[in-house]
Every structure is written in structure tokens, then in C-alpha cells.
Amino acid sequence: MKKLILLTGIGIGYVLGSKAGRERYEQIRAGAKKVAENPTVQSAAAKATEQAASAAEAAKDKATDAASSVADKARREASIQPAP
């Protein structure tokens, strides 16, 4: 079902895109470039990048701590269990 929806969307996009033609494509491209070059948008993008980097660092630290805890627990359990 999802593939059918995807293929339908691609088909509609192709038909509309080909009808719009190159001129409309250039208008859309120019508008997108204008938005991307907007200082407010660039500032927001930089802020989002910083937040993503901070979140990734926090997730890395949390995963490292969790892995250390699991490794410590495994070592303690291995030292408690008598050898066969």
C-alpha cells in the first residue's frame, strides 16, 4: 500500500513538474535560494546545528555511561560466579 502511494506521488509530481516547465522550475529555485540566503533562516539553521551537535554529544555520553554500567555489572557477576 505504501509503495502504491509513493508511486502515485512520484507520478503526480512528474506530471505537474513537466507541465510547469523550466521557467517555473527556475522561479521555484530562485525563491528557494532567496529563502536559504535569508539571514534569519541562516541563523536558525546555525542554531539548529548547534542544538543537534549538543544533543548528539549528550546522547553519546549517556550511551557511554550505560555501556560502562553494563560492563561493570557483567564483571561483578563474573567474579561472583564460581568457576565450573
Side-chain angles (χ1 to χ4, degrees):
M1 182 66 175
K2 290 182 182 181
K3 285 185 181 181
L4 178 62
I5 293 171
L6 176 65
L7 291 174
T8 302
I10 290 171
I12 290 170
Y14 176 77
V15 169
L16 292 176
S18 61
K19 284 185 179 180
R22 183 72 179 181
E23 183 179 327
R24 182 65 181 141
Y25 167 76
E26 292 296 335
Q27 289 175 347
I28 293 168
R29 185 171 165 239
K33 185 176 180 182
K34 187 176 180 181
V35 169
E37 291 175 348
N38 184 314
T40 305
V41 172
Q42 289 182 348
S43 174
K47 187 175 181 179
T49 300
E50 290 172 14
Q51 288 177 342
S54 176
E57 184 67 28
K60 182 190 85 158
D61 292 343
K62 190 172 181 177
T64 301
D65 290 344
S68 283
S69 294
V70 169
D72 290 344
K73 184 177 178 181
R75 278 190 221 105
R76 283 193 306 269
E77 289 179 4
S79 66
I80 294 172
Q81 305 237 345

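Just so we're clear, the structure is a prediction, and the values are computed from it rather than from any experiment.
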Under 3.5 Å, side chain of S54 to main-chain N/O of E50, donor-acceptor pair present?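 No: the side chain of S54 does not pair with the backbone of E50.
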If you look only at pairs with a residue in residues 32-48, which of them pass as a salt bridge (charged side-chain N to carboxylate O under 4.0 Å, His left out), with sequence neighbours excluded?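 Residue pairs with at least one partner in residues 32-48: there are none.
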Got a list of side-chain donor-acceptor pairs under 3.5 Å for residues 62-69, not counting sequence neighbours?
| residue | atom | partner | partner atom | Å |
| --- | --- | --- | --- | --- |
| T64 | OG1 | K60 | O | 2.8 |
| S68 | OG | T64 | O | 3.3 |
| S69 | OG | D65 | O | 3.1 |

